[in-house]
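Values below: every heavy atom of this structure, side chains too, minus hydrogens, waters and symmetry copies.
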Amino acid sequence: MSVSDALRVTVIVGSVREGRLGRAVADWFLTAAAAAADPGLDLDVVDLAEVDLPLVLPGWGGTPSPEAAAALKDVSPRLAAADAFVIVTPEYNHSFPAALKNLIDWHHREWQAKPVGFVSYGGLGGGLRAVEQLRLVFAELHAVTVRDSVSLHGPWSGLGEDGTPRDADVCAGAAKGMLGQLTWWGRALRTARAERPYAG
């Protein structure tokens with residue numbers, strides 16, 4: 001398989017909170033993906049703690065501020081180049097973090113006709129309420145969310161200090177299943193976009 005054939009998957013770490021577990025969860029997922037997934041995956045991590053996007057969006061037809069343009073210069077091409085996405089998100093107040101919604105709202109065509117998978121964590125629900133709300137958001141953006149997700153329940157007791165799930169086999173199996181669906185949709189939609197660009 002050539003480098004150009006690799007499926008480009010952008011993994012987005014959605015939490016910017018101090019003391020967050022998001023980066024540790026993302027690092028575990030990257031390890032699980034390397035062990036379980038198609039070897040033709042090219043994984044790129046966008047950590048929102050390192051993306052300084054302002055909250056104020058320009059009006060319709062307007063241009064981003066210099067500060068926004070500087071942040072977008074790095075992140076937007078990476079989203080555009082992706083064939084698929086994995087969102088790593090906690091659940092805050094039965095939803096997902098504002099920083100994640102802000103990144104999503106700054107972009108539009110970058111999400112279209114591409115699959116999105118989820119790795120969530122938080123409390124007894126394991127972040128599933130955040131994922132269900134994100135499915136609605138991505139449907140509006142013409143993205144395709146895969147059915148299976150990875151849900152880490154009670155991460156404060158369910159994860160070790162290094163971010164590794166204590167129930168490693170179950171979580172690794174969930175990651176493998178989600179990545180299988182994401183890979184299938186990623187390749188199918190990449191072919192479809194190449195043969196007939198998505199009109200939106």
Side-chain angles (χ1 to χ4, degrees), residues 1-51 74-91 96-97 99-100 103-104 107 110-111 114-122 126-128 130-131 134 138 143-156 158-187 189-190:
M1 177 176 294
S2 69
V3 174
S4 62
D5 291 334
L7 193 73
R8 295 163 298 194
V9 180
T10 296
V11 179
I12 299 172
V13 184
S15 175
V16 300
R17 194 176 201 161
E18 292 182 359
R20 65 188 178 145
L21 290 174
R23 187 64 205 222
V25 170
D27 289 342
W28 164 78
F29 172 73
L30 294 172
T31 300
D38 183 327
L41 295 185
D42 178 9
L43 299 169
D44 175 34
V45 178
V46 171
D47 187 340
L48 295 190
E50 301 169 357
V51 179
D74 174 62
V75 72
S76 296
R78 294 163 70 186
L79 300 183
D83 296 309
F85 302 97
V86 172
I87 308 295
V88 179
T89 183
E91 182 179 312
F96 52 92
L100 179 55
L103 174 81
I104 293 170
H107 299 89
E110 289 84 354
W111 311 114
K114 296 178 183 179
V116 183
F118 301 99
V119 176
S120 65
Y121 59 97
L128 289 175
V131 168
L134 281 164
F138 280 111
V144 177
T145 60
V146 301
R147 192 272 180 200
D148 290 353
S149 64
V150 182
S151 177
L152 306 179
H153 298 258
W156 296 274
L159 294 177
E161 291 182 2
D162 61 353
T164 301
R166 299 187 194 282
D167 196 350
D169 290 343
V170 170
C171 293
K176 182 177 181 179
M178 182 271 283
L179 282 166
Q181 295 174 11
L182 188 79
T183 300
W184 189 93
W185 278 106
R187 296 193 185 285
L189 289 173
R190 181 172 67 181

query = Do you know which two heavy atoms are closest between L152 and P165, and how far apart they sit?
reply = CD2-CG, 4.3 Å

note = The reported gap from OG in S149 to CG in L182 (rounded to nearest 0.5 angstrom) is 12.0 Å

key: Closest non-hydrogen atom pair, A99 against L48   = O-CD1, 3.5 Å

ask   = Does L43 reach the side chain of V86, with side-chain heavy atoms less than 4.5 Å apart?
value = no

Minimal non-hydrogen separation, L7 against G186, with atom names = CD1-C, 3.6 Å

message = Could you check whether any side-chain N or O of S151 sits under 3.5 Å from a backbone N or O of S120, counting only pairs where one atom can act as donor and the other as acceptor?
response = no

ask   = Can V45 and R23 be said to form a side chain to side chain contact (heavy atoms under 4.5 Å, CB included), step by step?
value = CA-CA 10 Å; V45 178; R23 187 64 205 222; 3.7 Å; yes

ask   = Heavy-atom distance under 4.5 Å between the side chains of L128 and H153, does that happen here?
value = yes

ask   = Rounded to the nearest 0.5 Å, what separation is found between the CG atom of D44 and the CG atom of L30?
value = 10.0 Å

ask   = Checking side-chain contact (heavy atoms from CB on, under 4.5 Å) against L134, which of T145, V116, I104 comes through?
value = I104

key: Distance-minimising heavy-atom pair for H107 and S76   = NE2-OG, 2.6 Å

ask   = Are any side-chain N or O atoms of Q181 and backbone N or O atoms of R147, one a donor and one an acceptor, separated by less than 3.5 Å?
value = yes

key: Closest approach of A49 to V16 (non-hydrogen atoms, all atoms of both residues)   = N-CG1, 3.6 Å

ask   = When rounded to the nearest 0.5 angstrom, what distance separates CZ in F29 from CG in L179?
value = 4.0 Å

query = S15: what forms a side-chain hydrogen bond (donor to acceptor under 3.5 Å, both in side chains) with it, not counting sequence neighbours?
reply = Y92

ask   = Just how far is it from atom OG1 of T10 to atom CZ of R78, taken to the nearest 0.5 Å?
value = 7.0 Å

note = Note: V146 and P115 closest approach over all heavy atoms is CG1-CB, 4.4 Å

Residues that W111 engages under ring pair (Phe, Tyr, Trp, His ring centres under 6.0 Å), provided they are two or more places apart = F85, F138

query = Got a donor-acceptor contact below 3.5 angstrom from the K114 side chain to the A80 backbone?
reply = yes

request  = Start with the C-alpha distance between R20 and V13, add both sets of side-chain angles, then the distance that settles side chain to side chain contact (heavy atoms under 4.5 Å, CB included), and finish with yes or no.
outcome  = CA-CA 10 Å; R20 65 188 178 145; V13 184; 3.5 Å; yes

key: Atom pair CG/CZ of D148 and F118 - distance to nearest 0.5 Å   = 12.5 Å

key: Euclidean distance, D83 CG relative to T183 OG1, rounded to 0.5 Å   = 10.5 Å

